[in-house]
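Report on one structure; see the data block that follows.
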Amino acid sequence: MSWEEQQFTIGIVGVMSAGKSTLLNALLGRALLPARNLATTAAATYIRHDSDAAQFTVRAACTREALEDACFEPADRALLDAWNDAFPFIEIRGCLPFLRDAGIH
């Protein structure tokens with residue numbers, strides 16, 4: 001398996017209002033995740049790169065296992081803000097510019 005085909009996980013952790021969501025928004029190439037100067041992100045959020053994606057999509061669930069069966073919807077900040085308060089697990093899928101530009105699929 002080539003390194004381009006491997007999946008990897010990176011955890012972003014830090015104290016409240018340390019800039020975690022701001023960093024992730026920079027990596028996404030757009031202000032998709034809610035970011036404020038107070039406790040904001042309550043959900044465990046998974047971001048998956050898909051070089052073929054024309055847009056970012058998102059799905060959410062009450063359990064990690066149920067997330068796999070949830071349907072993707074077009075992602076926008078208002079939806080993610082609402083789901084952040086309603087669901088403990090969120091997955092975002094889309095083309096991450098820094099990976100696309102590096103030729104990683």
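We use all heavy atoms of the structure for the numbers below, so side chains are in, but hydrogens, waters and symmetry mates are not. The first residue of the sequence shown is numbered 1, and numbering continues consecutively from there. Everything quoted here is computed from the prediction, not taken from an experiment.
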Give a yes or no on whether the backbone of Val15 and the side-chain of Lys20 come within a donor-acceptor separation of less than 3.5 Å.
-> yes

Are Leu33 and Ile92 close enough that some pair of their side-chain heavy atoms sits under 4.5 Å apart?
-> yes

From CG (Leu24) to CD1 (Ile47), nearest 0.5 Å = 4.5 Å

Determine the minimum heavy-atom distance between Ala66 and Ala61, stating which atoms define it.
-> C-CB, 3.7 Å

Rest of the hydrophobic cluster containing Phe89 (Ile/Leu/Val/Met/Phe/Trp/Tyr, side-chain heavy atoms under 4.5 Å)?
-> Tyr46, Leu67

Please list, chain by chain and in numerical order, all residues satisfying salt bridge (charged side-chain N to carboxylate O under 4.0 Å, His left out) with Glu65, sequence neighbours excluded.
-> none

Looking at Pro88 and Cys62, what are the two nearest heavy atoms and their distance?
-> CG-O, 3.3 Å

Between Leu32 and Leu28, which heavy-atom pair has the shortest distance, and what is it?
-> CB-CD1, 4.0 Å

Review item, side-chain donor-acceptor pairs of residues 69-80, under 3.5 Å, at least two apart:
from: Asp76; atom 1: OD1; to: Ala78; atom 2: N; distance (Å): 3.1
from: Asp76; atom 1: OD1; to: Leu79; atom 2: N; distance (Å): 2.7

Are Ile10 and Leu27 linked, directly or through other ILVMFWY residues, by side chains that come within less than 4.5 angstrom of each other?
-> yes

Return the minimal non-hydrogen interatomic distance between Pro97 and Gly29, and the atom names on each side.
-> CG-CA, 4.1 Å

Report yes if some heavy atom in the side chain of Leu96 is under 4.5 Å from a heavy atom in the side chain of Phe56; otherwise report no.
-> yes

For Ala43 and Phe87, the nearest pair of non-hydrogen atoms, with its separation, is CB-O, 3.3 Å

In short, Glu68 meets Arg59 closest at the heavy-atom pair O-NH1, 3.4 Å

